[in-house]
S.K.: 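Quick one: structure below, then a few questions.
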Amino acid sequence: MERRFFDATWKRTVYCGEVGSRHEGTEVCLNGWLRRRRDLGGIIFIELWDHTGIVQIVFNPEEQEAIHDLAGELRNEYVLAVRGVVRARPAGTENPSIGTGFHEVAVSDFLLLSPSRALPFDMNDVDKVDENLRLRYRYLDLRRPRLQHNLRVRHRIALFTRNFLSREGFLEVETPMLTKSTPEGARDYLVPSRVNPGMFYALPQSPQIFKQILMVGGCDRYYQIVKCFRDEDLRADRQPEFTQIDIEMSFITEEDIQSLMEQFMQGLFRDILGEELPLPFPRMTWREAMESYGSDKPDLRVSAKLVDLHDVFADSGMEAFRTLLTEKGSVRGLSFAGGAALSRKEFAELEARAKALGAAGLAVFQVKEGTLKGPLVKFLDEEAQKRLRATAQIGEGDALLVVADKDWRKACGILGTLRLELARERNLVEEGWRFLWVTEFPLLERDEEENRWVAVHHPFTSPNMEDLGLLESDPGNVRSRAYDMVLNGNEVGGGSIRIHDPEVQQKLFGALAFTPQDAEERFGFLLDALRSGTPPHGGIAFGLDRLAMLLCGGRSIRDVMAFPKTQKAQCLMSGAPGLVEDRQLAELHVTRALPSKE
RNA sequence: GGGGUUGUAGCUCAGUACGGUUAGAGCGCCGGCCUGUCACGUCGGAGGUCGCGAGUUCAAGUCUCGUCAGCCCCGCCA
């Protein structure tokens, strides 16, 4: 037979998953992958797949003998163009478990477009396959309905974002990928400059400074869906390159951006999931989040809260706690409904976990048969016991876990971790989408290694103007104008009102222990810009990958990225990163200095 | 940098607590039979450096040490 090629006559007239009653009796052309074949000796069925679904094709030797004979050679994942007439399946042979299951295509002719080798894993059973292999053969993994769905959801998120922000007057502006390294923050990915020997670009950790300068440049409202790069260790929700929805606005305060971003989320969830989010989202200060939930990104689906046991133990007979409290230490509790049933062994296991998190110990109170039990009860008089039960709101059958530490953040953090672990183990995480804003983060925190103050958010975040006076006297207690959007215990976005006053900016660089020359050298262009007529401005950035992950119900952002990297930041498909030739390095004025193997 | 976990046929796994014939199963692959299946059925066949390297032992998939890789977590991620 003459060799035939794919041409206009073989282009599909309908997607596989869309074959239905309206095509009955008409000839259609389908393009897709052979997902499964059932050769009954005479009649042959194949399932043809594309991203819309699956349809059954019938090769009947009585109807098309020559075509049927050729079909015997077909194998899984061959790419075919198939022509045939759509008809209702004979009564009793319908398959309601697939969308097209009441119809089939009686093939009249087909063209093999591309055969496939025997594949390294079974396409029909790919959910269980080792991620190693899935990443190496990502093009096969991508043919799974799950990943197809995720990529399409991700596209719809990006599309909704562009439509929403464009409608609200935002301008999408591209900022450079080859930019300048700044020493603050995450480790940079560096790119050597061939024409500037010894000099390096950095890939952006975020377009932060550029978007602020766009505000100085009169752009008023900017956004960008943009790749960002951070050379830090990976996690299920962290990749070295990831995508931000980056947003900045002029002449606004916190309330403006927060309420607009709530509307954005409301629209997005309506569009993607058909969910109606109630507005406004609750606001919570960072301090309250830490004290009540032991986290700066509280998961409100878990109802348990932490309590401050200062008043219970301040005058108690418990010497160690009393001393701790007089020295500004902290005793915190986590009420644990049903915890009275906890066995000695289970508690020991809990205590071990608390210690692994850095706790000196873990104490427990249990309410059994109306009385408070536990090793510390003997230190508490009747009054203090009453206060404990009232403060912690524990009743019959409940328990209270107690951690003491000289640092309240540590005590709360440990209980916050236990709170989540216990809730997950005991299925106490409620369904739903629980958003909130966390506000008033501290501006600065102490870096003990470098022995200096560093920015919690970034060095362009505006301090709360009321706290400006504390910048030199008590830097740790300066509140910032930063805010995070938190969803179900995930930080999905974070931003701030920026510093638009060059003097405040310089003051902050001072607090971060930059010399004036340092500041000028590194950020002089920003300071110059700020001195050139700068509107008050602020913004936010959302992690597109994390949002997509949550909206797809996934556990890892790898499942919403087409080509993710492994925990060692490698691409198993392409083999990146790889070695380069000496000639390339020489051009870039770079030499290798490999670590010696001990 | 640290802790945990996994690694046996192309894929998913069993076998390892207590070392002992020729390392098994299902799926996939190859071949035969089979005309309404849909995880088609059925008969047969090929397919193994038990991640890699040392060590203990008469004997190692199994025990010891090291190492590599995937995943989860801590540190880190303004």
Side-chain angles (χ1 to χ4, degrees), chain A residues 35-47 54-63 65 68 72 75-77 87 89-98 100-102 104 106 116-137 140 182-188 204-206 208-209 228-240 242 353 356-358 413 417 421 441-445 447 449-450 453-461 480 482 491 494-496 508 512 541 543 555-556 558 564-568 570 572 595 597:
Chain A
R35 183 49 49 89
R36 213 188 274 278
R37 68 193 197 100
R38 293 180 285 276
D39 184 345
L40 274 61
I43 199 163
I44 297 174
F45 299 99
I46 67 170
E47 290 177 2
I54 279 175
V55 65
Q56 175 166 282
I57 315 287
V58 191
F59 294 80
N60 192 324
E62 287 172 2
E63 294 167 9
E65 194 182 347
H68 172 269
R75 294 293 180 269
N76 281 343
E77 297 306 312
R87 64 190 184 199
R89 294 197 190 184
T93 67
E94 301 90 348
N95 181 1
S97 66
I98 62 172
T100 60
F102 288 88
E104 62 188 12
S116 167
R117 62 186 172 134
L119 296 178
F121 50 81
D122 186 352
M123 292 303 301
N124 294 303
D125 192 27
V126 84
D127 279 337
K128 282 188 263 171
V129 174
D130 186 55
E131 193 164 11
N132 215 338
L133 277 172
R134 288 176 35 208
L135 291 176
R136 179 150 169 218
Y137 303 102
L140 300 180
T182 57
E184 294 287 295
R187 207 172 289 116
D188 284 320
Q205 295 175 28
S206 87
Q208 182 59 38
I209 296 177
C228 299
F229 305 86
R230 294 179 191 175
D231 185 6
E232 297 292 348
D233 287 349
L234 282 67
R235 288 286 188 282
D237 63 351
R238 269 163 37 190
Q239 285 271 310
F242 61 99
R353 272 196 269 169
L357 295 168
T417 303
E421 287 182 0
F441 281 78
L443 186 70
L444 302 170
E445 68 186 346
D447 183 328
E449 267 178 41
E450 293 191 36
W453 293 95
V454 295
V456 167
H457 194 56
H458 58 55
F460 319 111
T461 299
S480 75
E491 180 198 330
S496 63
L508 195 69
L512 296 170
R555 300 174 161 274
S556 164
R558 293 189 297 276
K565 292 185 172 59
T566 68
Q567 204 160 44
K568 290 194 78 181
Q570 296 180 340
L572 295 182
K597 280 190 180 166

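Every chain is numbered from 1, with letters handed out A, B, ... down the list of sequences. Quick caveat, the model's predicted, so the values are computed rather than measured.
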S.K.: For nucleotides 73-75 of chain B, tabulate all protein N/O to nucleotide N/O atom pairs closer than 3.5 Å, reporting atom names and distance.
M.R.:
from, atom 1, to, atom 2, distance (Å)
C73(B), OP2, A236(A), N, 3.4
C74(B), OP2, R235(A), NE, 2.9
G75(B), N7, R235(A), NH2, 2.9
G75(B), O6, D233(A), OD2, 3.4
G75(B), O6, R235(A), NH1, 3.1
G75(B), O6, R235(A), NH2, 3.3
G75(B), N1, D233(A), OD2, 2.4
G75(B), N2, D233(A), OD2, 3.2

S.K.: Between U12(B), G36(B), C77(B), which nucleotide gets closest to the side-chain atoms of I43(A)?
M.R.: G36(B)

S.K.: Which residues satisfy the side chain to side chain donor-acceptor pair (under 3.5 Å) test with R238(A), sequence neighbours excluded?
M.R.: none

S.K.: Distances under 3.5 Å between protein N/O atoms and the N/O atoms of nucleotides 25-28 of chain B, please, pair by pair.
M.R.:
from, atom 1, to, atom 2, distance (Å)
C27(B), O2', D122(A), OD2, 3.2

S.K.: Between E47(A) and R37(A), does any side-chain N to carboxylate O distance fall below 4.0 Å?
M.R.: no

S.K.: Let's test this: given Watson-Crick or G-U wobble pairing with both distances under 3.5 Å, identify the partner of A69(B).
M.R.: U6(B)

S.K.: Who are the side chain to side chain donor-acceptor pair (under 3.5 Å) partners of R75(A), not counting sequence neighbours?
M.R.: none

S.K.: Has R75(A) got a side-chain N or O lying under 4.0 Å from the OP1 or OP2 atom of C30(B)?
M.R.: yes

S.K.: Polar atom pairs between nucleotides 3-9 of chain B and protein, under 3.5 Å, N or O only, would you list them?
M.R.:
none

S.K.: Taking only the P atom of each, what is the distance from C40(B) to G2(B) in whole angstrom?
M.R.: 49 Å

S.K.: Can F121(A) be called stacked on C11(B) when the rule is centres closer than 5.5 Å and an angle between planes below 30°?
M.R.: no

S.K.: Toward the 5' end of RNA chain B, which comes first, Q208(A) or R558(A), by nearest nucleotide?
M.R.: R558(A)

S.K.: Taking donor-acceptor contacts at under 3.5 Å, does the side chain of R87(A) reach the base of G36(B)?
M.R.: yes

S.K.: How would you list, by chain and number, every residue that makes a side chain to side chain donor-acceptor pair (under 3.5 Å) with Q570(A), sequence neighbours excluded?
M.R.: none

S.K.: So which nucleotide from G70(B), C30(B), G36(B) ends up closest to the side chain of T566(A)?
M.R.: G70(B)

S.K.: Identify the nucleotide, in any strand shown, that forms a Watson-Crick or G-U wobble pair with U62(B), with both distances under 3.5 Å; if there is none, say none.
M.R.: none

S.K.: Side chain of S556(A): nearest nucleotide among C72(B), C38(B), C71(B)?
M.R.: C72(B)

S.K.: For the C1' atoms, the ones on A46(B) and on G32(B), what distance do you get once it is rounded to whole angstrom?
M.R.: 15 Å

S.K.: Expressed as a whole number of Å, how far does the C1' atom of G19(B) sit from that of U56(B)?
M.R.: 11 Å

S.K.: When the C1' atoms of U8(B) and G26(B) are considered, how many whole Å apart are they?
M.R.: 15 Å

S.K.: What's the gap between G10(B) and C30(B) when it is taken at their P atoms, as a whole Å value?
M.R.: 15 Å

S.K.: Side chain of R89(A), base of C38(B): donor and acceptor closer than 3.5 Å?
M.R.: yes

S.K.: Over how many whole Å does the gap from F102(A) atom CZ to U37(B) atom P extend?
M.R.: 16 Å

